[in-house]
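What follows is a single structure, written as C-alpha cells, with notes after it.
Reckoned from all heavy atoms, side chains included, excluding hydrogens, waters and symmetry mates. Residue numbers begin at 1 in each chain, while the letters A, B, ... track the order of the sequences.
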Amino acid sequence: MSTPDPRQIAVRLLHWAGRAQRSFPWRTRRDPYVVWIAETMLQQTQIQTVIPYLERWLRRFPDVEALAQASLDDVLKMWEGLGYYARARHLHRAAREILQRYRGKIPDDKEALLSLPGIGPYTAGAILSLAFGKDEAVLDGNVRRVLTRVFGIEEDPRRAAVERRLWQLAQSVILPGHAREINEALMDLGREICTPRSPRCHRCPLADICVAHATGREDALPVKGTTRRVPHYTVTAGVVWNEEGKILLARRPLEGLLGGLWEFPGGKVEPGESLEACLRRELKEELDIDVVVERPVAVVDHAYSHFKITLHAFHCRHVGGTPRPLGVADFRWVDVSEIRSYPLSRADIKILEVMESEQNEGR
DNA sequence: CATGCGTGGCA
DNA sequence: TTGCCAAGCAT
C-alpha cells in the first residue's frame, strides 16, 4: 500500500468535520483565554472530567486579570480533584506574566506562548490554531494515534526522531486556512473512532487509505513502551487536635507531588516501623511537635501517577512543641468546618468525609 | 532523554 | 481486582 496523501487526508477530514458536532465551551467561545484554560485542563484528562471544572473556573476567574489577582490557594481550590496540580500553579504564574508583559492579552506568537509556564508544543499549537485561526498543527495523544495508524508508523512514537516526523505529518495535513477544522477533526476522530482499543474503522473516513487498517495493525499501533510496575507504600496521616479543639493542617512544598495542597500531616512508614511510631516521627520531623496517637479515623487506598499507597489516618492529641514548618511549606490550626475551604488531595478528602459522617452521627 | 506528575473510567 | 488509558509539560 502506498503512503497516504496528506492532501487527501485533509479533504476527507474537512468533509467528515461537517457532521453534527458536540458543542464544547471552548468551541462555542473562541476566546484565547477560554481555549488556554480548556487545553491546559485537557492535558492528560478526559473531556467529561474537564467540563464541570472548566465551567466553575470560568465563573470564578472569567479572564486573565481575575486569575492573576487570585491567591494560589483560590486557584488550587478550583483545581482540587483534577490532578497534575503543577498545571494550576503554572496557569497562575502565566496569568501574572501575561498581565505584566502583554497587558492581559494572550500572545498570538508561538515563541511568546512557549515561553509561558505550562504551555508546551501541543498547547501552543492549540491556542494558535483554535483561538487565533493560524495554520499551526497540534500533536496530542489522539492525533498521534491517528497518524501512527494511518501512516503505519511502527517505531516508538516517544523517540525524538519519530516525534519530529509526527509533527511534520500533523503539519502536512493542514490545509491553509483550515487548521482549526482539521485539528478538531483529528482529535475528534481519535477520541470517537480511532480509539486506543477496538477502533471503529467501519465509521472512519480514512479507513480505505489507512496503512494500519490495511495490514490489520490497528490494535498494535501506536507501539507501547514497557510498563514498569508501580510500588506500593504504607503511609500515615494525623488529625492532630489542640487544646482549643482545632486541627492542624500542613501545606505541602510548592514543588513536587500535590505541590501547594494542604493535608493532614504524616508520611511513609519505614521498614519495621509501627504506624503509630511513624506518625510520631513524621510529625516531629516535619513540624517539630509531639503527639499522642489515639484512635484510627480511616484507612484509605489511593493511586497516584506512579505509585500506590494505603493511608492510615489517626486522631492525635497535641501534647508538646509549637509547630514549625520544617518539612512543610506552611501550617495552620483550623476549625473542622474550615477544612473544606482549603485545597486538599483526593486521599485527604476521603479522610475528611469519614470525619464528617462521624460528626453527623454524633460521635 | 527519562522520569515525575493525579485522577477516574473501563475491560 | 488490576492494569491501561486520557486534548502534555518541566526538568
Side-chain angles (χ1 to χ4, degrees), chain A residues 22 24-27 34-54 76 79-91 93-94 113-127 129-131 137-147 156-164 166-167 170 180 183-192 194-199 219 222 224-232 252-261 263 300-309 343-350:
Chain A
R22 290 175 61 188
F24 300 121
W26 53 93
R27 292 187 180 171
V34 175
V35 172
W36 172 42
I37 303 299
E39 294 300 337
T40 303
M41 287 186 171
L42 285 162
Q43 291 168 13
Q44 305 287 280
T45 311
Q46 303 192 38
I47 285 182
Q48 65 271 22
T49 305
V50 162
I51 286 180
Y53 277 91
L54 180 63
L76 287 172
W79 201 271
E80 182 187 79
L82 201 48
Y84 287 137
Y85 297 91
R87 295 182 293 173
R89 302 194 301 270
H90 290 148
L91 281 177
R93 275 174 46 206
L113 286 172
L114 287 173
S115 77
L116 292 167
I119 296 185
Y122 166 75
T123 307
I127 293 172
S129 63
L130 305 185
V138 295
L139 182 64
D140 67 348
N142 288 317
V143 179
R144 182 176 294 110
R145 193 167 54 252
V146 170
L147 294 177
D156 186 340
R158 279 155 303 202
R159 287 178 46 207
V162 182
E163 174 92 354
R164 278 195 299 277
L166 287 167
W167 272 104
R180 173 187 294 163
N183 287 341
E184 287 181 347
L186 276 171
M187 292 190 279
D188 286 352
L189 191 66
R191 187 183 69 253
E192 299 169 9
C194 196
T195 49
R197 281 169 301 197
S198 310
D219 280 308
K224 314 172 208 12
T226 57
T227 57
R228 283 179 314 165
R229 42 178 306 182
V230 298
H232 182 280
R252 296 179 60 88
L254 292 181
E255 301 302 321
L257 184 75
L258 308 175
L261 296 191
E263 66 177 6
V300 166
D301 281 305
H302 195 74
Y304 291 102
S305 48
H306 54 299
F307 64 94
K308 296 178 179 181
I309 64 167
L344 306 173
S345 79
R346 270 288 188 260
D348 279 40
I349 289 174
K350 291 180 195 170

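Between dT2(C) and Lys308(A), no contact under 4.0 Å exists linking OP1 or OP2 to a side-chain N or O. Within the structure, a side-chain polar atom (N or O) of His306(A) is placed less than 4.0 Å from OP1 or OP2 of dC5(B). For Tyr84(A), no side-chain nitrogen or oxygen approaches OP1 or OP2 of dA10(C) to under 4.0 Å. Checking the phosphate oxygens (OP1, OP2) of dT7(B), a side-chain nitrogen or oxygen of His302(A) falls inside 4.0 Å.
At the heavy-atom level, Arg159(A) lies nowhere under 4.0 Å from the strands shown. Within 4.0 Å (heavy atoms only), Leu82(A) reaches at least one base atom of the nucleic acid. At a threshold of 4.0 angstrom between heavy atoms, the contacts of Gly81(A) are confined to the sugar-phosphate backbone, with no base atom among them. As judged by a 4.0 angstrom heavy-atom cut-off over every strand, Trp79(A) is placed among residues making no nucleic acid contact.
Between Tyr85(A) and Ala161(A), the one whose closest nucleotide on DNA chain B sits nearer the 5' end is Ala161(A). Of the residues near DNA chain C, Glu255(A) and Ala38(A), the one whose nearest nucleotide (by heavy atom distance) lies more toward the 5' end is Ala38(A).
One atom, CZ of Arg87(A), and another, C1' of dG4(B), lie 14 Å apart when rounded to the nearest Å. If you take CG of Leu257(A) and P of dC5(B), they are 5 Å apart, rounded to a whole angstrom. If you measure from atom CZ of Arg89(A) to atom P of dC9(C), you get 16 Å, rounded to the nearest angstrom. Atom CZ of Arg197(A) is separated from atom C1' of dA6(C) by 11 Å (rounded to the nearest Å). Here dC5(B) presents its C1' atom at 12 Å from CG of Leu261(A), a figure rounded to the nearest Å. The separation between Met41(A) atom CE and dG6(B) atom C1' is 14 Å, rounded to whole Å. If you take CE of Met187(A) and C1' of dG8(C), they are 13 Å apart, rounded to a whole angstrom.
With sequence neighbours left out, the salt bridge (charged side-chain N to carboxylate O under 4.0 Å, His left out) criterion links Asp156(A) to Arg158(A).
Counting heavy atoms from C-beta outward, Arg87(A) and Leu82(A) have side chains that approach closer than 4.5 Å. The side-chain heavy atoms of Gln46(A) and Arg191(A), taken from C-beta on, include no pair separated by under 4.5 Å.
Between the side chains of Glu39(A) and Tyr122(A), at least one donor-acceptor pair of N or O atoms lies under 3.5 Å.
With rounding to the nearest 0.5 Å, the separation of CG in Leu91(A) from CD1 in Ile37(A) is 4.5 Å. Here the CH2-CG distance, from Trp79(A) to Leu261(A), works out to 12.0 Å after rounding to the nearest 0.5 Å. In this structure, Leu139(A) CG and Met187(A) CE are separated by 10.5 Å, a value rounded to the nearest 0.5 Å.
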* To do: Please lay out, stage by stage, how Glu263(A) and Ser345(A) fare under the test side-chain hydrogen bond (donor to acceptor under 3.5 Å, both in side chains).
  => CA-CA 7 Å; Glu263(A) 66 177 6; Ser345(A) 79; 6.0 Å; no

* Please test Leu344(A) against Glu80(A) for side-chain contact (heavy atoms from CB on, under 4.5 Å), starting from the C-alpha separation and ending with a verdict. => CA-CA 7 Å; Leu344(A) 306 173; Glu80(A) 182 187 79; 3.9 Å; yes

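Residues of residues 116-126 of chain A that place a heavy atom closer than 4.0 Å to DNA chain B do not occur. Residues of residues 42-53 of chain A that place a heavy atom closer than 4.0 Å to DNA chain B, in numerical order, are Gln44(A), Thr45(A), Gln46(A).
Comparing dA6(C), dT7(B), dG6(B) by their closest approach to the side chain of Arg145(A) singles out dA6(C). For Tyr304(A), the listed nucleotide lying nearest its side chain is dT7(B); candidates were dC5(B), dC1(B), dT7(B).
Comparing dG8(B) with dC9(C), their P atoms are spaced 23 Å from each other, to the whole Å.
Between Tyr304(A) and His302(A), the angle of the ring planes goes over 60°, which puts this pair in the perpendicular group of the 30/60° scheme.
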